[in-house]
Enquirer: 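Once you've had a glance at the structure underneath, I'll fire off some questions.
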Amino acid sequence: MRRYSVALIKGDGIGPEIIDEAVKVLDAVSVKENFEITYKEALLGGAAIDMTGDPIPEETIEIAKSCDAVLFGAIGGPKWDDLPRSKRPETGLLKLRKALGVFANLRPTIVYDELINASPLKPEVIQGTDLMVVRELIGGIYFGEPRGYEGDRAYNTMVYTRAEVERIARVGFDIAMKRNKRVTSVDKANVLEVSQLWRDVVSEVAKEYPEVSLDHMYVDNAAMQLIRDPKQFDVILTGNIFGDILSDEASMLSGSIGLLPSASLGEKHGLYEPIHGSAPDIAGQGIANPIAAISSAAMMLRFQFGQERAAWRIEEAIRRVLREGYRTRDIASFDAKEVVTTSEMGSLIAQYAAQL
Ligand code: IPM
Ligand code: MG
């Protein structure tokens, strides 16, 4: 029997609730597909600050590196907002991504037909949307030096090197080859030198993929086009901060940010997390949507472990639950049959995934 180890980082806010549901579903499908997952819990973010004073204790990095994959919930909350930057929960997450070298963040936008009415956009605009944001995750303005806050002056630096752009571009094109063979590279090359380099390098890498069509789009235009006609996109390839913003925007095409998963991949490691945050305002009430976390677990099974059938079970189960009208509060519109709690949603998905 195949055995996998997963570092479980539940984090803050709704993190623990949704990760518990993801584990429930993983346990259900692993029995069916005859593999076993062992979990090692590790602290990150506010939970780590409260226990150790550090948003990312050394032990967390060790556990994350020693396991076959990392499944992560969410971090942050008002309780830790006033701490100095080096002690903030977000700093812990950024350090974890960097330590694992997970430079490629894949954020699919899935529009479930069953939820077509949950999006604020018109059904005819969003129906059939199927896009993937490929976001560079450990470079750009998030990590560039120099940075500082000195008296009345503060600054950050957006830096990319040729090598950094090349490797993320290859991921973007490789993924496009398995999808609809279109890449839209998003930058701000009309203003920023760093974007000009981005554009030059992406165009060069494109020559290795003659079957993939490439176009370039300025980020402001891309933000508008995502709402005007999201179906025009297949793979959106972009840098760290633009990808952060556009992936939140793209999530609303699906109706709720509580639905969408992500995978962050590097040479060796993989980190899987919902794209939403810790939602402290609804934490502990049993109303958070666990689908993003469960769907992230499915991505982990597929990308990290090659357990395609198990991933498929989960994704099919999610569709079935939605088709049957079960909704958490964030996606409950007039066509909801029954509004369920976080844990009920997890149990239904686990049950259906095991039945397939
Ligand atoms: C995300 C989040 C993070 C980011 C924060 C929490 C540091 O917004 O994963 O999109 O900006 O990358
Ligand atoms: Mg974000």
Side-chain angles (χ1 to χ4, degrees), residues 9-16 18-19 43-49 54-56 60 64 70-109 131-144 147 156-158 160 164 168 186 219 222-223 226 236-254 256-266 269-281 283 288-289 292-293 295-296 299-300:
I9 304 184
K10 296 182 179 179
D12 309 320
I14 60 171
I18 56 164
I19 290 299
L43 293 169
L44 186 74
I49 296 170
D54 183 348
I56 179 155
T60 294
V70 183
L71 186 61
F72 164 62
I75 43 103
K79 185 176 172 194
W80 307 283
D81 272 350
D82 296 328
L83 293 169
R85 187 150 308 276
S86 67
K87 292 275 177 224
R88 283 185 65 114
E90 290 81 359
T91 303
L93 176 58
L94 297 179
K95 279 191 180 160
L96 178 67
R97 290 172 176 169
K98 192 79 167 177
L100 296 176
V102 288
F103 65 89
N105 183 220
L106 317 185
R107 296 187 164 185
T109 289
L131 64 87
M132 174 83 88
V133 177
V134 176
R135 166 190 178 194
E136 199 291 326
L137 199 60
I138 56 173
I141 197 166
Y142 274 51
F143 292 91
R147 59 189 295 162
N156 292 88
T157 309
M158 198 191 278
Y160 272 116
E164 282 173 320
I168 190 70
V186 172
V219 62
L226 260 178
I236 293 180
L237 170 64
T238 192
N240 205 342
I241 196 163
F242 297 156
D244 179 46
I245 298 165
L246 292 179
S247 59
D248 264 36
E249 189 190 352
S251 76
M252 275 323 281
L253 303 170
S254 71
S256 168
I257 197 167
L259 293 167
L260 297 182
S262 84
S264 304
L265 309 176
H269 300 287
L271 166 67
Y272 298 82
E273 55 175 301
I275 81 160
H276 61 71
S278 59
D281 52 324
N289 189 343
S295 193
S296 301
M299 282 187 104
M300 175 179 85

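Owing to the predicted nature of the structure, the values given are computational and were not obtained by experimental measurement. Whatever order the structure lists them in is the order used to number ligands and atoms, beginning at 1.
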Enquirer: With the side chain counted from C-beta on, respond yes when Glu273 and Leu93 share a heavy-atom pair under 4.5 Å apart, and no when they do not.
Expert: yes
Enquirer: Relative to the Mg ion (ligand 2), how many protein N, O or S atoms have a separation of less than 2.8 Å?
Expert: 1
Enquirer: Could you tell me whether a side-chain N or O of Ser251 sits under 3.5 Å from a main-chain N or O of Asp248, the two making a donor and an acceptor?
Expert: yes
Enquirer: To the nearest 0.5 Å, what is the distance between CG (Leu265) and CE (Met299)?
Expert: 7.5 Å
Enquirer: Quick check against the 3.5 Å criterion: does Ser278 have a side-chain atom that pairs as donor or acceptor with the backbone of Ala74?
Expert: no
Enquirer: Any donor-acceptor pair under 3.5 Å linking the side chain of Ser296 with the backbone of Ala292?
Expert: yes
Enquirer: Could you tell me if the side chain of Val219 sits less than 4.5 Å from the side chain of Ile245, heavy atoms only?
Expert: no
Enquirer: Can you work out which protein residues put a heavy atom within less than 4.0 Å of ligand 1?
Expert: Glu90, Arg97, Arg107, Arg135, Tyr142, Asp244
Enquirer: Under 4.5 Å between any side-chain heavy atoms of Ile9 and Val70, yes or no?
Expert: yes
Enquirer: Is a donor on one side and an acceptor on the other found under 3.5 Å between the side chain of Arg135 and the backbone of Ser264?
Expert: no
Enquirer: Looking only at atom types and distance, does a side-chain atom of Ser262 sit under 3.5 Å from a main-chain N or O of Arg107, one as donor and one as acceptor?
Expert: no
